[in-house]
Amino acid sequence: MAHSAISQVSVAVPLQTDSSFRRSTFKATSLTFSDKSCISMPSIDLKAARSKSQYIVCMSVQHASKAKVSVSPLSLEDAKEPPLNIYKPKEPYTATIVSVDRIVGPKAPGETCHIVIDHDGNLPYWEGQSYGVIPPGENPKKPGSPHNVRLYSIASTRYGDSFDGKTASLCVRRAVYYDPETGKEDPSKNGVCSNFLCNAKPGDKVKITGPSGKIMLLPENNPNATHIMIGTGTGVAPFRGYLRRMFMESVPMKFNGLAWLFLGVANTDSLLYDDEFTKYLNDYPGNFRYDRALSREQKNNKGGKMYVQDKIEEYSDEIFKLLDEGAHIYFCGLKGMMPGIQDTLKRVAEERGESWEQKLSQLKKNKQWHVEVY
């Protein structure tokens, strides 16, 4: 493993509530780094680290300095085309779970986990691509056959959270089902793959396919481009990868444009990677904007719940102007997010005297429109 250029540091952080842990996992304002150091996740035995009084936390974000983190191997920059389907469902790659951490607070509806997977450099990917995961067990609809592949957007850059090109991270919400009559959870109907991943322990094996996808790739030939990113819940995953590449890592791609993230979640405790994004906002105010839509805590202009499309409408004039100037716009999240967003964009276009159908057609033709929903 190429760790020679990486300094490794372990930090003991008091373990209080889920919320305090979530924030401390990505925040270390008291630390200072004089060199381009980082902290590597695979060097930590998470099972041995847990105790009642402390948690050994891997700090994957350099919070005390604007100096960017060194990454390796830089040969990952050489590929002219993204890797595609290196491993297929019939012959998946067996990777290893490095860590599984809950990253939402106690008041968040549902549980979302950040899962780091070690692929030992054998499953390279680009930011915006997805991995397929085949959960263990038998497909109930096809006795004797494995489960179908579930796709997950990758939440890290090609260098992974340990910056050595050997890991990938997934952002997974545990899918659970509650019987409407009894109000009790019915495990037989819970999401097979999400629960497998969220229940996994360091050292567990996981079958991976891919990588797949070319729709959500960053056009890096223009370092001055504007990227508008709109996500709900775990749809923030690819955007985390984009932003780490833009603002955290010391890579040949020097980003000088504008990255604007709109994130829609239920409440403050549901925010994902919020400390990372806030850090970029503080360090790169001229290159990063960050707007949150908290449906259970904020009201829109009409007094209703604040959804991500309401935030888009709030800044619609600016967004349309940026799109006219060539900005790229990305959408990632549940399929249910798109009708509301499309309706909002259409209404705004009509108020501006424009045809949304014509505008959308032009955006697609110019390859400015990027959508990946599930």
Side-chain angles (χ1 to χ4, degrees), residues 128 216 218-219 222 224-233 235-240 242-243 246-247 255-268 270-274 276-334 336-364 366-373:
M216 295 287 286
L218 282 172
N222 180 8
N224 300 313
T226 294
H227 305 280
I228 302 169
M229 297 166 272
I230 298 165
T232 56
V236 76
F239 307 142
R240 179 187 185 249
Y242 298 167
L243 295 169
M246 291 170 178
F247 301 124
F255 180 69
N256 301 310
L258 172 66
W260 192 354
L261 174 64
F262 290 86
L263 176 58
V265 294
N267 56 22
T268 302
S270 302
L271 287 168
L272 304 172
Y273 311 112
D274 188 63
E276 289 190 28
F277 303 150
T278 301
K279 177 71 168 67
Y280 305 146
L281 191 63
N282 292 334
D283 286 352
Y284 300 94
N287 302 97
F288 182 52
R289 294 175 65 173
Y290 178 30
D291 283 279
R292 312 163 183 86
L294 308 178
S295 61
R296 299 188 185 182
E297 294 179 4
Q298 298 173 333
K299 299 292 184 183
N300 61 26
N301 292 333
K302 298 174 183 177
K305 291 183 177 181
M306 175 69 80
Y307 293 109
V308 70
Q309 60 262 32
D310 298 310
K311 279 291 180 184
I312 294 170
E313 186 169 15
E314 194 176 317
Y315 293 99
S316 58
D317 285 343
E318 200 170 351
I319 290 172
F320 271 66
K321 181 175 183 293
L322 291 170
L323 290 174
D324 289 341
E325 294 172 352
H328 289 262
I329 190 163
Y330 304 80
F331 303 88
C332 190
L334 294 174
M337 71 182 265
M338 288 309 294
I341 290 173
Q342 289 268 31
D343 290 345
T344 296
L345 292 171
K346 183 177 182 179
R347 184 173 65 254
V348 170
E350 290 173 349
E351 289 172 356
R352 295 165 56 91
E354 300 180 52
S355 164
W356 173 242
E357 286 73 16
Q358 289 181 7
K359 193 172 195 68
L360 178 58
S361 177
Q362 192 63 45
L363 291 171
K364 290 179 177 179
N366 295 342
K367 297 182 178 180
Q368 295 172 250
W369 183 265
H370 311 265
V371 179
E372 186 170 273
V373 292

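The residues of the chain are indexed from 1 along the displayed sequence. Fair warning: this is a prediction, and the values are worked out from it, not measured in the lab.
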Review point. Considering only heavy atoms from C-beta outward, does the side chain of Lys359 approach that of Arg352 to under 4.5 Å?
Key: no
Review point. What heavy-atom pair brings Gly336 and Pro339 nearest, and what distance separates the two atoms?
Key: O-CD, 3.5 Å
Review point. Between Phe277 and Tyr290, how do the two ring planes meet: parallel, tilted or perpendicular, split at 30° and 60°?
Key: perpendicular
Practice item. Take Val373 and Leu334 through the test side chain to side chain contact (heavy atoms under 4.5 Å, CB included) and record every step on the way to the result. Key: CA-CA 5 Å; Val373 292; Leu334 294 174; over 6 Å; no
Exercise for review: Indicate yes or no for a side-chain donor-acceptor contact from Thr344 to the backbone of Gly340 under 3.5 Å, with no hydrogens or angles considered.
Suggested key: yes
Check your understanding: With a 4.5 Å heavy-atom cut-off, do Leu258 and Arg289 have their side chains touching?
Key -> yes
Practice item. Among Lys346, Lys302, Arg347, find the residue that satisfies the salt bridge (Lys or Arg N to Asp or Glu O under 4.0 Å) test when tested with Glu313. Key: Arg347
**Study point:** His370 and Tyr330 aromatic ring geometry - parallel, tilted or perpendicular at 30°/60° bounds
**Key:** parallel
**Study point:** Nearest atoms (heavy-atom pairs only) where Leu272 meets Leu263
**Key:** O-CD2, 4.1 Å
Revision key, fill the gap. Closest non-hydrogen contact found for Met216 with Cys332 is CE-CB, 4.0 Å
Review point. When you check the gap from the basic side-chain N to the acidic O, do Glu297 and Arg292 get nearer than 4.0 Å?
Key: no
Check your understanding: Does a salt bridge link Asp310 with Lys305, judged by any charged N lying under 4.0 Å from a carboxylate O?
Key -> no
Exercise for review: Measure the CD1-CD1 distance between Ile312 and Ile329 for me, rounded to the nearest 0.5 Å.
Suggested key: 6.0 Å
Point to revise | CD (Glu325) with more than 12 external heavy atoms under 6.0 Å | key: yes
Exercise for review: Measure the spacing between OH of Tyr280 and CG of Asn287 and express it to the nearest 0.5 Å.
Suggested key: 13.5 Å
Exercise for review: May I ask you to check whether over 12 heavy atoms, not counting those of Arg296, lie within 6.0 Å of atom CZ?
Suggested key: no
Point to revise | Point-to-point distance, once rounded to the nearest 0.5 Å, from CZ of Phe239 to CD1 of Ile228 | key: 11.0 Å
Review point. Less than 4.5 Å apart, any side-chain heavy atom of Ile319 and any of Trp260?
Key: yes
Review point. Parallel, tilted or perpendicular: which describes the rings of Phe247 and Phe255, with under 30° parallel and over 60° perpendicular?
Key: perpendicular
Check your understanding: Can you tell if the side chain of Leu218 reaches within under 4.5 Å of the side chain of His227, non-hydrogen atoms only?
Key -> yes
Check your understanding: Does a side-chain heavy-atom distance below 4.5 Å link Phe331 with Met338?
Key -> yes
Check your understanding: Is there a side-chain contact between Met246 and Tyr284, using heavy atoms and a 4.5 Å cut-off?
Key -> no
Point to revise | Closest approach of Lys311 to Ala293 (non-hydrogen atoms, all atoms of both residues) | key: CG-CB, 3.8 Å
Point to revise | Test item: Asn256 side-chain N/O and Asn224 main-chain N/O as donor-acceptor pair under 3.5 Å | key: no
Exercise for review: Evaluate the side chain to side chain contact (heavy atoms under 4.5 Å, CB included) criterion for residues Phe288 and Leu261: first the C-alpha distance (whole Å), next the side-chain angles of each, then the deciding distance (0.1 Å), finally the verdict.
Suggested key: CA-CA 8 Å; Phe288 182 52; Leu261 174 64; 3.9 Å; yes
Review point. Atom CG of Leu281 and atom CG of Leu243: how far apart are they, to the nearest 0.5 Å?
Key: 11.0 Å
Revision key, fill the gap. In short, Ala259 meets Met229 closest at the heavy-atom pair CB-CE, 3.6 Å
Point to revise | Member of Ile341, Val236, Asp291 meeting the side chain to side chain contact (heavy atoms under 4.5 Å, CB included) criterion with Phe262 | key: Asp291
Review point. Going from NZ on Lys299 to CE on Met306, what distance comes out if it is rounded to the nearest 0.5 angstrom?
Key: 10.5 Å
**Study point:** Minimum heavy-atom distance between Val308 and Ile230, given as atom pair plus value
**Key:** CG2-CG2, 3.7 Å
